[in-house]
Structure formats: C-alpha cells, structure tokens
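The block underneath contains the structure these notes are about, expressed in structure tokens.
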Amino acid sequence: MIRTRDAGTLRAADAGFAVTLAGWVARRRDHGGVTFLDLRDASGVAQVVLRDPEAGRALRAEFCVLVHGTVAIRPAGNANPDLPTGNVEVVATDLEVLSTSAELPFPIEGSLYGPGSVEETTRWRHRYLDLRRAWPATALRTRARMTSIIRRVMEANDFLDVETPYLTRSTPEGARDFLVPVRLQPGHWYALPQSPQLFKQLLMVAGLERYYQIARCFRDEDFRADRTPEFTQLDIELSFLDEEDVYALTESLLTTLWRDLLDVDLPVPFARMTYADAMRRFGSDRPDLRFGLELTDLSGHFAGTRFRVFAEQPYVGAVVLPGGGSLTRKELDSWQDWARGRGARGLAYVLIGEDGAVRESGPVAKHLSAEELVGLPAAAGAGAGDAVFFAAGTERPAQELLGALRLAIGRDRGLIEESAWRFLWVTHFPMFEPTDGGGWTAVHHPFTAPTPEWADRFAEEPGAGLARAYDVVVNGIELGGGSIRIHRAGMQQQVFDVIGLTREEAESKFGFLLEAFRYGPPPHGGIAFGLDRMAAVLAGTDAIREVMAFPKAASGGDPLTGAPTPITPEQRREAGIDVAP
RNA sequence: GGUCCCGUAGUGCAGUCUGGAGUGCACGCCGCCCUGUCAAGGCGGAGGUCGCGGGUUCAAAUCCCGUCGGGACCGCCA
C-alpha cells in the first residue's frame with residue numbers, strides 16, 4: 001500500500017509517529033500562512049496541517065492526495081470533540097497531488113447532508129461521487145454487513161450456496177418477463193428469472209436438502225419507492241421440513257441481523273396471525289402492528305339497514321379517526337379525496353359528539369335509524385370526539401380500503417410507535433384468487449401446497465382453500481414469503497386444473513419440473529427475502545435505491561451509463577429479433 | 001394505462017396563484033487578503049436556453065395547449 005495508516009484510525013497514542021496518508025481533500029481551510037485539510041479516506045477523516053502556503057493554495061475539493069507527515073497532539077484548545085480523530089492532526093512534511101478534480105456537480109461535503117439534499121437523478125448520474133458522501137456510503141456498508149451475516153448464519157445451518165441460471169425460461173411468478181434474444185437460435189428468447197423458484201425445487205429433487213442463494217431477480221413491472229425491475233432475493237429451500245423449520249430459521253436469521261446491525265434484541269418466536277385475521281383486523285396482509293386502531297366489522301350492526309349505501313352489501317366495516325369529531329368540513333373533504341384517489345366512491349362517516357353520541361346532523365347519520373345510531377359508537381369502538389369512517393361492499397376490497405385508511409390515519413395522527421420493531425408471521429393465505437376472466441390464479445405460485453384440512457377438497461372450493469404459505473412482516477413491510485410445496489403429482493395436477501392450465505400447457509411450461517418430480521421428490525419448501533428492502537429497513541430508509549450501488553430511475557433507465565440504448569441494425573440482425581416464430 | 005407533484009445559476013431553493021427588465025437567497029466556484037481553523041473568516045467577481053415546443057398578450061419563468069425528464073401513489077407486481 002502506498003499509505004501507512006488509514007486517516008480515520010489516528011488517535012492520541014499515535015502522536016510522534018511518521019505516517020503516510022492517502023485520500024481526498026474533503027475540506028480546505030486556508031489561513032494564508034497555514035492551511036488545514038480534512039483528508040478523507042474510506043475509514044474517516046483526519047486533519048492535516050500544511051505550512052506551505054503555495055501548496056495549500058493549489059489544492060481544491062476532492063483532489064486525490066498523498067500526505068507524508070507526523071502525527072501530533074493538537075495544541076491546547078484546538079481539539080475537535082466531534083471527530084474520532086479530533087485530538088490529533090498530521091503535520092505534513094510533503095504533499096503529493098495524485099490527481100486533480102474537476103468542479104463538482106454537487107457538494108460532497110457541505111451544509112447539505114443526507115439522502116434528500118440533492119436530486120436523485122443527479123446523484124445516480126454521479127453515483128461514484130454520491131458514494132463519497134458519508135450517508136450513502138454507510139447505506140452500502142450496512143448492506144454488505146447484512147449479506148455477510150446472512151452467509152454466516154446460512155453456513156452455520158449447513159446450507160449450500162448454489163448459483164442458478166440467469167439466462168433461462170419464464171418462471172411462474174406472474175409478472176412480465178425481461179427477454180433476451182438468442183443469436184444461435186434466431187426467434188428464440190431467454191427470459192431472465194423472476195426468481196430461482198423452479199431451480200431451487202429441482203435442487204431439492206437432487207437431494208441437496210438445504211440450499212440458499214443471494215440471487216438477482218428480474219420483473220418487468222412498474223416502479224415504486226420499494227420496487228425496481230432488477231432486485232435481489234435471499235432464496236432458501238429445504239427438504240423434509242414443515243413450517244416450523246422455516247419460522248425458526250428465519251427468526252434466527254433476523255434476530256442475528258437486528259442484534260448485530262442495530263443492537264436490537266427481537267423477542268422470539270414472532271407473533272403469528274392468519275391471513276383472514278390480518279384482513280379482518282387490519283385490512284392488510286402485512287399489518288403494521290406499531291399501533292392499534294383495528295377495523296371493526298359492522299355488517300351485523302347494519303344488517304337490514306335502510307341506508308342505501310350500506311344496504312344489501314356483503315360487508316360494512318369501519319375505522320376510527322381519533323379526535324376526528326372536530327375536523328372541519330375541509331379536512332373531512334380531504335379524506336374523501338384521499339379515498340377517491342384510491343378508486344373508492346368516497347368515505348361515509350359519522351362524527352361522535354362530546355357526549356359520546358353520534359351527531360345526527362351528518363350526511364350519513366341522518367339516514368340511519370335511532371337503533372343503529374345508539375349502538376354505533378360502541379360497535380365501532382369510537383369514543384367522544386372521534387370520527388368513524390365506513391367502507392361497504394365486497395369484503396376484501398372494502399377491508400383493503402379501510403386498511404389503507406388505517407395506515408393513513410396512523411401516520412396523520414402520529415399514532416405509530418416509530419422506534420418499535422413489530423415482527424409477525426402471516427399464515428394460511430388463500431390458495432387461489434379470482435381472475436378477471438372468472439377463473440382462478442395461484443396467490444403465491446402453483447406449486448404451493450394446501451393445508452392438511454384442504455388437501456382433499458381445495459379443488460371443490462378454490463375460493464376458500466388455504467395454502468401452506470407464509471409471509472414475514474415487520475412494521476407493515478413484507479420482508480419475505482414462501483411456502484411448503486406440493487411434492488405429489490396428483491395434487492399438482494389438481495392445482496393446474498383449478499387455474500385452468502391444461503396438461504399440454506403445464507407440460508410445455510414446467511415439463512422439466514414435472515418430469516423431475518417423477519423420481520421421488522422429497523417434501524420441501526422454502527422462503528425468499530427481498531434483500532434490497534431488508535437492507536433499506538436496516539439502513540433506516542424507505543427507498544431501496546439508497547441501498548443499491550447503481551440504481552435505476554423510474555423509467556427503468558440507468559442515469560449513469562445511459563442504459564438502455566438503441567441497438568444498431570447490425571445488432572438487430574445478428575440477434576435474430578425479427579425472425580418470425 | 002391512470003392521478004398528483006416537481007423542473008429557475010454548479011447545488012438546494014424563493015419568485016408562478018395576482019403577467020411588467022433574468023428579481024433574489026444560501027452553499028459552491030474564481031481572484032485577492034489572512035498562522036489555529038474544523039460549515040474558518042474578510043473583500044471583490046463570474047455564473048441563467050427559467051426543461052423543450054407552440055399559443056394568448058403591447059409584454060410570459062408566471063396564463064393556455066402539447067411534449068420530455070424526474071418523483072410519489074393507483075392499476076400492475078411477492
């Protein structure tokens with residue numbers, strides 16, 4: 001190495017020693033006769049004292065420099081308690097500029113810190129400069145520590161790291177595929193994997209028993225703050241297991257991560273809740289348990305109501321807005337707008353007076369009978385001065401609306417215990433959900449096993465059948481999900497029948513898997529975690545782009561390299577894109 | 001595919017509702033001064049296709065239409 005010490009490690013005990021540092025000029029304080037440099041390398045920052053006015057004047061921000069000097073205790077009164085290296089400084093005997101820097105597109109050091117201080121596109125465009133900044137670099141370091149711990153835990157549990165192909169065929173995840181043309185077979189295309197799902201099941205047939213992989217996955221869908229077309233999963237599969245094995249492994253992994261990275265001791269086992277309960281109580285399959293405000297089911301209360309909006313609806317539910325009884329008309333209207341923004345017609349509501357009774361003047365209350373009004377606050381769990389919002393209609397969409405409303409209220413009223421970590425298993429997901437075309441589709445994927453109670457009759461009631469599928473959720477964020485798989489051919493065929501997949505289609509799509517399953521497949525199952533999301537949670541940010549080294553913009557483009565680009569006619573011809581199938 | 005927000009100096013913003021000279025702030029940049037600062041300080045200076053195109057108007061950063069880019073959300077997507 002061309003340096004002898006890392007700048008951030010210098011301490012008072014080093015005083016008197018000659019050192020050579022290498023790094024970047026983070027700041028320069030030129031006093032004419034003496035110049036102070038904050039020299040930054042990956043380890044931190046140390047102050048360099050330069051008594052050569054000419055050399056000091058020539059330096060600029062982000063010049064890459066090599067400094068020879070002697071560590072000295074700073075003069076009395078000049079220590080900087082805010083820096084780990086603040087008691088010492090390096091008195092330079094020689095300074096060499098290794099490379100100069102052009103004027104910067106945004107400040108590396110400056111009064112503006114943090115991820116929001118520069119527009120994202122500018123940051124990604126010059127990500128190599130963005131990552132010189134403390135916060136962005138810390139996010140990547142957190143991610144690296146996370147994956148390191150993951151590998152340690154997985155290896156300690158005898159899991160085998162196996163890579164699977166990226167150039168492959170469509171996997172049954174339901175999203176759009178990214179496609180890659182194949183020069184050697186014009187008109188034929190690879191799909192990039194949406195997950196290693198099929199391969200990991202094959203590895204179970206292969207007898208590996210315990211597999212894991214940190215795998216890149218590709219899904220050609222629209223963006224969100226927590227979604228990007230190219231992302232990373234921790235993919236796990238094991239044989240001869242049941243749900244408890246997955247839960248125990250996951251809890252071991254997550255408690256280790258939270259302990260080592262955040263110094264937080266998570267209580268185990270994690271809470272468990274069925275999907276049905278999660279929807280009923282929280283209107284979400286990933287409930288945020290950091291606050292209460294559970295939904296109430298008022299279907300019984302309003303059975304036989306003459307109020308047109310609630311009458312004849314399969315479900316009427318409510319959520320309380322604490323203190324909402326004193327909202328202005330304008331504030332109530334803005335909640336209406338919020339609901340309409342989510343595709344609802346509006347939000348029926350009543351206000352509770354200070355006497356604890358429903359104020360009868362409201363637009364909904366005046367349509368309700370005296371009996372309905374009397375019991376309503378208690379039935380909805382509302383107290384004096386609250387507001388009650390209703391959703392009526394088909395159960396699941398109405399619950400989802402109330403669930404989203406519950407979250408919005410929780411945020412709006414500051415009800416969320418921000419420092420808490422509320423982990424939760426959501427279990428017993430439905431096997432199928434209706435498609436627009438009147439058929440059924442697998443909620444998880446078509447290899448998910450039914451629960452024992454439904455094993456023999458899920459095909460008779462596809463809408464009611466429950467799956468051995470599970471998600472692990474923290475604070476309303478889904479960290480991972482998985483299932484116990486089907487390992488018997490007959491049951492697998494029944495699932496294909498329900499989702500309307502013919503034998504021919506099944507054969508052409510997953511024939512290789514079904515073929516493999518003819519040779520004594522073991523009972524198996526697994527789980528996959530969204531590592532970008534997990535890293536973001538551990539790093540304390542909502543945006544997964546912050547924990548990706550070179551993130552893409554919302555249109556799928558890479559602001560740094562300019563990808564994707566048009567191709568030349570030559571490339572087009574060679575790739576065989578235009579060959580008719 | 002839909003809704004909303006943003007686009008003004010290198011960076012972050014104000015100005016837009018209510019049209020009147022590229023009007024302004026902070027940081028950065030350039031020059032000079034300065035031997036104990038650490039967001040150093042002082043003095044001076046440069047820097048603008050107000051995203052782009054069209055329209056209305058005597059006059060457009062400002063109003064209208066379109067478009068491009070970015071972001072958030074819905075749809076979609078484990």
Side-chain angles (χ1 to χ4, degrees), chain A residues 26-39 45-53 56-57 60-62 74-83 85-86 89 91 102-114 116-126 129 171-176 194-195 197 217-229 231 233 235 285-286 337-344 400-401 404 408 426 429 436 442-445 448 469-473 477-483 527-530 533 542-543 545 552-555 557 559:
Chain A
R27 290 181 189 280
R28 182 182 57 122
R29 292 176 293 278
D30 185 350
H31 289 245
V34 62
T35 301
F36 299 99
L37 302 179
D38 288 342
L39 185 133
V45 172
Q47 173 163 287
V48 172
V49 183
L50 196 59
R51 299 203 184 272
D52 176 351
R57 203 166 300 134
R60 292 294 181 270
E62 300 307 318
R74 293 198 191 183
N78 282 298
N80 183 346
D82 297 330
L83 289 179
T85 60
E89 58 195 8
V91 181
E103 194 177 331
L104 297 159
F106 54 83
I108 307 299
E109 310 278 338
S111 56
L112 303 168
Y113 289 100
S117 59
V118 180
E119 203 172 301
E120 283 193 11
T121 317
T122 310
R123 295 177 55 205
W124 309 149
R125 170 91 181 76
H126 302 277
L129 294 177
T171 42
E173 235 71 26
R176 227 170 276 118
Q194 296 183 25
S195 75
Q197 181 62 37
C217 304
F218 307 87
R219 291 179 192 169
D220 186 8
E221 297 293 342
D222 288 356
F223 263 61
R224 285 289 187 282
D226 63 350
R227 248 163 50 191
T228 173
F231 61 98
Q233 277 189 352
D235 195 45
D285 61 0
R286 47 185 166 93
D337 292 339
W338 174 90
R340 277 190 281 269
R342 299 187 60 92
E400 284 173 349
L401 177 67
V426 179
F429 279 78
D436 295 337
V443 168
H444 189 60
H445 57 57
T448 304
Y470 33 78
D471 281 356
V472 62
V473 172
I477 299 162
E478 181 201 323
L479 286 183
S483 65
I527 190 166
F529 300 89
R533 208 173 283 178
D542 293 331
R545 292 171 177 104
K552 290 182 168 52
S555 58

Interatomic distance at P, rG75(B) relative to rG2(B), whole Å
16 Å
Roughly how far, to the nearest 0.5 Å, is CD of Gln197(A) from SG of Cys217(A)?
10.5 Å
Can you name the closest pair of heavy atoms from Pro559(A) and Trp124(A) and give their distance?
CG-CB, 3.8 Å
Does the structure show a Watson-Crick or G-U wobble partner for rG7(B), both distances under 3.5 Å? Name it, or say none.
rC68(B)
For rC76(B), the Watson-Crick or wobble partner whose two distances fall under 3.5 Å
none
Across every strand shown, the nucleotide meeting Watson-Crick or G-U wobble geometry with rC50(B) (both distances under 3.5 Å) is none
Whom does rG24(B) pair with, Watson-Crick or G-U wobble, provided both distances fall under 3.5 Å?
rC13(B)
Which part of the nucleic acid, if any, lies within contact of Glu89(A), taking any heavy atom under 4.0 Å across all strands shown: a base, the sugar-phosphate backbone alone, or nothing?
base
With P as the reference atom in both, quote the distance from rG70(B) to rG47(B) in angstrom, rounded to an integer.
31 Å
Closest approach of Arg74(A) to Ala79(A) (non-hydrogen atoms, all atoms of both residues)
CD-CA, 4.1 Å
According to the Watson-Crick and G-U wobble definitions, with both distances under 3.5 Å, which nucleotide is paired to rU37(B)?
none
Heavy atoms under 4.0 Å, any strand shown: does Phe429(A) hit a base, just sugar-phosphate, or nothing?
base
What's the CZ-P distance between Arg340(A) and rG75(B), to the nearest Å?
18 Å
For a quick test of reading the model: is some side-chain N or O of Arg342(A) closer than 4.0 Å to OP1 or OP2 of rC74(B)?
yes
Comparing Asp38(A) and Ala543(A) on RNA chain B - which has the more 5′ nearest nucleotide:
Asp38(A)
Counting side-chain heavy atoms from C-beta on, which of rC76(B), rA40(B), rU11(B) comes nearest to Arg27(A)?
rA40(B)
Arg545(A) side chain near rA72(B) phosphate (N/O to OP1/OP2, under 4.0 Å):
yes
Tightest non-hydrogen contact, residues Arg57(A) and Arg60(A), listed as O-NH1, 2.8 Å
Watson-Crick or G-U wobble mate for rU62(B), both contacts under 3.5 Å
none
Ala46(A) to Thr85(A) - nearest heavy-atom pair and separation:
CA-OG1, 3.7 Å
Face-to-face stacking of His31(A) with rG41(B), centres under 5.5 angstrom, angle under 30°:
no
Whole-angstrom distance between rG12(B) and rC74(B), as gauged at atom P:
27 Å
Quickly work out the Leu129(A) CG to rG28(B) C1' distance and round it to whole Å.
14 Å
Which whole-number value in Å describes the distance from Arg176(A) CZ to rG1(B) P?
9 Å
Interatomic distance at C1', rC38(B) relative to rC77(B), whole Å:
49 Å
What is the pairing partner of rG44(B), taking Watson-Crick or G-U wobble pairs with both distances under 3.5 Å in any strand?
rC30(B)
Gap in Å between the two P atoms, one belonging to rG15(B) and one to rC63(B), rounded:
12 Å
Checking rU11(B), rC38(B), rC77(B) against the side chain of Ala175(A) (C-beta onward), the nearest is rC77(B)
Hey, does Asp285(A) reach any base, or is it just sugar-phosphate, or nothing, if we go heavy atoms under 4.0 Å?
base
Which base, if any, makes a Watson-Crick or G-U wobble pair with rU18(B), both distances under 3.5 Å?
none
Touch class at under 4.0 angstrom, heavy-atom based, for Ala102(A) against every strand present:
nothing
For the residue pair Leu401(A) and Ala344(A), what are the closest heavy atoms and their distance?
CD2-CB, 3.7 Å
Looking at the side chain of Arg51(A), which of rG36(B), rC74(B), rG75(B) is the nearest nucleotide?
rG36(B)
Show me, pair by pair, the donor-acceptor contacts under 3.5 angstrom made by side chains of residues 218-226 of chain A, not counting sequence neighbours?
from, atom 1, to, atom 2, distance (Å)
Arg219(A), NE, Gln194(A), O, 3.1
Arg219(A), NH2, Gln194(A), O, 2.9
Glu221(A), OE2, Arg176(A), N, 2.9

Check the geometry between Phe106(A) and rU11(B) and answer yes if their rings are stacked (centres below 5.5 Å, planes below 30°), otherwise no.
no
Assign each of Ala61(A) and Thr121(A) the nucleotide of RNA chain B bearing its closest heavy atom; nearer the 5' end lies the nucleotide of Ala61(A)
Side-chain contact test, heavy atoms from C-beta onward, threshold under 4.5 Å: evaluate it for Phe36(A) versus His31(A) and give yes or no.
yes
Check: Arg28(A) side chain, rU37(B) base, donor-acceptor under 3.5 Å:
no
Need one value for Arg286(A): base, sugar-phosphate or nothing, where a base atom within 4.0 Å counts as base even if backbone is also close, heavy atoms only.
nothing
By the 4.0 Å heavy-atom rule, please label Asp30(A) as base, sugar-phosphate, or nothing.
base
How would you label the contact of Pro75(A) with the nucleic acid (heavy atoms, under 4.0 Å): base, sugar-phosphate, or nothing?
base
Listed nucleotide nearest any side-chain atom of Ala554(A), set rA40(B), rG71(B), rG36(B):
rG71(B)
Rounded to whole angstroms, how far apart are CZ on Phe223(A) and P on rA72(B)?
9 Å
Phe36(A) CZ to rU37(B) P, in whole Å, measures 7 Å
Can you check the Glu119(A) CD to rA9(B) P distance for me, whole Å?
11 Å
Starting the side chain at C-beta, find the nucleotide from rC77(B), rA40(B), rC73(B) nearest to Arg224(A).
rC73(B)
Looking across every strand, which nucleic acid part, if any, lies under 4.0 Å from His445(A) by heavy atom: base, sugar-phosphate, or nothing?
nothing
Of the nucleotides rC30(B), rC38(B), rC77(B), which one has an atom closest to the side chain of Arg219(A)?
rC77(B)
For Tyr470(A) and Ser483(A), indicate whether the former's side chain and the latter's backbone hold a donor-acceptor pair under 3.5 Å.
yes
Atom C1', compared across rG41(B) and rU67(B): separation rounded to whole Å:
48 Å
Does Arg57(A) have a side-chain nitrogen or oxygen under 4.0 Å from the phosphate oxygens OP1 or OP2 of rC33(B)?
no
Using the P atom as the point on both nucleotides, what is the distance between rA21(B) and rC29(B), in whole Å?
32 Å
What is the nucleic acid contact for Arg60(A), judged by heavy atoms within less than 4.0 Å: base, sugar-phosphate only, or nothing?
sugar-phosphate
If you look at every strand shown and take non-hydrogen atoms under 4.0 Å, does Ser555(A) touch a base, only sugar-phosphate, or nothing?
sugar-phosphate
Output the rounded distance in Å from CZ (Arg123(A)) to P (rG70(B)).
16 Å
The side chain of Ala225(A) lies closest to which of these nucleotides: rC73(B), rG71(B), rC38(B)?
rC73(B)
Which whole-number value in Å describes the distance from Asp222(A) CG to rA72(B) C1'?
13 Å
OP1 or OP2 of rA40(B) versus the side-chain N and O atoms of Arg29(A): is any pair under 4.0 Å?
yes
Taking rG10(B) as the reference, what is the distance to rC50(B) when you measure between their P atoms (whole Å, please)?
12 Å
So do Arg28(A) and Thr35(A) actually touch side chain to side chain, heavy atoms under 4.5 Å?
yes
